[in-house]
Amino acid sequence: MKFSIVTIPGDGIGPDVVREALGVLDAVATRFGHSFLVTEELMGGVALDATGEPLPAKTLAACKAADAVLLGAVGGPKWDDLPGSKRPEAGLLALRGGLKVFANLRPAKMFPQLSDASPLKPALIEGGLDVLIVRELTGGMYFGDKGRNSAGDEAWDTERYSRLEIERLVRVGFDAARGRSKKLCVVDKANVLESGRLWRETAKAMAAEWPDVELSFMYVDNCAMQLVRNPRQFDVIATSNMFGDILSDEASMVTGSIGMLASASVGAGGPGLFEPIHGSAPDIAGQDKANPLATVLSVALMLRHSLGLEKEAQAVEDAVGVTLDAGLRSADISTGAPGERLVGTREMGAAVRKAFVDQGLGAQNGRL
Ligand code: IPM
Ligand code: MG
């Protein structure tokens, strides 16, 4: 099949990791006979430098017209002192808003090979970890009214949610839980925030539609604590934009490294946006040190969620597993244990591609 993909490498390590992920996408095309028409667009700091805008209109138009968008990362110290609306991050938010991708799926799943890289005690993660964070992505405080008083010594950001915004997000959470361990935990701050009370009220009113899913609620501060105390209690967590941003960083680290976590942002049927959850890590940009696996795994999510290619997605995930089995480790997931080999971005990408191709040859020969 033919698909059009827009890539936005962005800033910092973005281009390093996107390059490797596209190499894997190439291997998918060859092995499964698909054709991916990949075009590159600017967003973030590089877009600011080239056009003065963090999200040029041309980029948004190209993304809207594509089947899916693959993003690296944006931001860096060079652009840190710009006003909020001119920061690279504003481009990312505008892209998410423009594509209307309100549901951000962040699967924090531990590869068993990486259990030693988790900072938690082995007993807490025995038997694996598989938490899906469903983060609201186009509303709440990141999009609410914000400003400064005239003296500049007071600032505000507004957390505001409508029932409709909550419903459509929580629905994604319920549906996801149905296909997994059937537990949905809605995380809010309903003991303090009015918006949190609306989240709770709305989710409760929906529960009857998913009688097979066990619905629970947790305050966000407690959830942050429970994620390190007993992460295995969670299946799906549905939460607001800001809480999901924070909790997904925490959940990712529990699985070994933020360098492993992919994300899929989807909405009401338009192109999905796929990106690693990590940032642009400007300190290691262009040095062949970044872990490309979160972006490679984002390609798998893209194949699965936007392109309907489940078999291909699974094959990419398997190839990552084989690469980790072989002991290859980027710096963020290396523990120095015997059998590990420290590798750079390029070598990791090449190893995944090779594992992917070998797997295909094995399948052809009836060995797999
Ligand atoms: C993320 C990032 C972004 C966010 C930043 C870069 C705007 O932290 O995707 O988690 O806050 O959503
Ligand atoms: Mg974040």
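One-based numbering, in listed order, for ligands and for the atoms of each. Keep in mind the model is a prediction, meaning the values are calculated, not measured.
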Would V186 and R200 count as a side chain to side chain contact (heavy atoms under 4.5 Å, CB included) if you check the C-alpha gap in whole Å, the side-chain angles of each, and the deciding distance to 0.1 Å?
-> CA-CA 7 Å; V186 170; R200 221 165 251 228; 5.9 Å; no
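For residues 110-125, the pairs satisfying side chain to side chain donor-acceptor pair (under 3.5 Å) are Q113-D325, with sequence neighbours left out. The stretch residues 184-223 participates, sequence neighbours left out, in these ring pair (Phe, Tyr, Trp, His ring centres under 6.0 Å) pairs: Y161-W199, F174-W210. Residue pairs meeting the salt bridge (charged side-chain N to carboxylate O under 4.0 Å, His left out) criterion with at least one member in residues 8-37, sequence neighbours excluded, are E20-R353.
Tested against E347 for a salt bridge (Lys or Arg N to Asp or Glu O under 4.0 Å), the candidates R341, K289, K354, R329 yield a single pass: R341.
Of all the listed residues (E89, R87, R96), R96 holds the heavy atom that lies closest to atom 3 (C) of ligand 1. The residue from R106, E275, H278, M242 that puts a heavy atom closest to atom 1 (C) of ligand 1 is R106.
Assignment of L93 to the shell around ligand 1 is supported, since a heavy atom sits closer than 4.0 Å.
Ranking protein heavy atoms by distance to atom 8 (O) of ligand 1, first place goes to D245 OD1, 3.3 Å.
With waters left out, the protein N, O or S atoms under 2.8 Å from the Mg ion (ligand 2) add up to 1.
Between the side chain of T202 and the backbone N or O of R163 there is no donor-acceptor pair closer than 3.5 Å. Listed for the K182 side chain is a donor-acceptor partner under 3.5 Å among the backbone atoms of R178.
Looking at every heavy atom in both residues, S263 comes nearest to N104 through OG-ND2, 3.4 Å. Annotation for S330 and L342: closest pair C-CD1, 3.8 Å, computed over non-hydrogen atoms.
The distance criterion of under 3.5 Å between nitrogen or oxygen atoms is not met by D249 with respect to ligand 1.
For ligand 1, the atoms closer than 4.0 angstrom to any heavy atom of Y142 are 11 (O).
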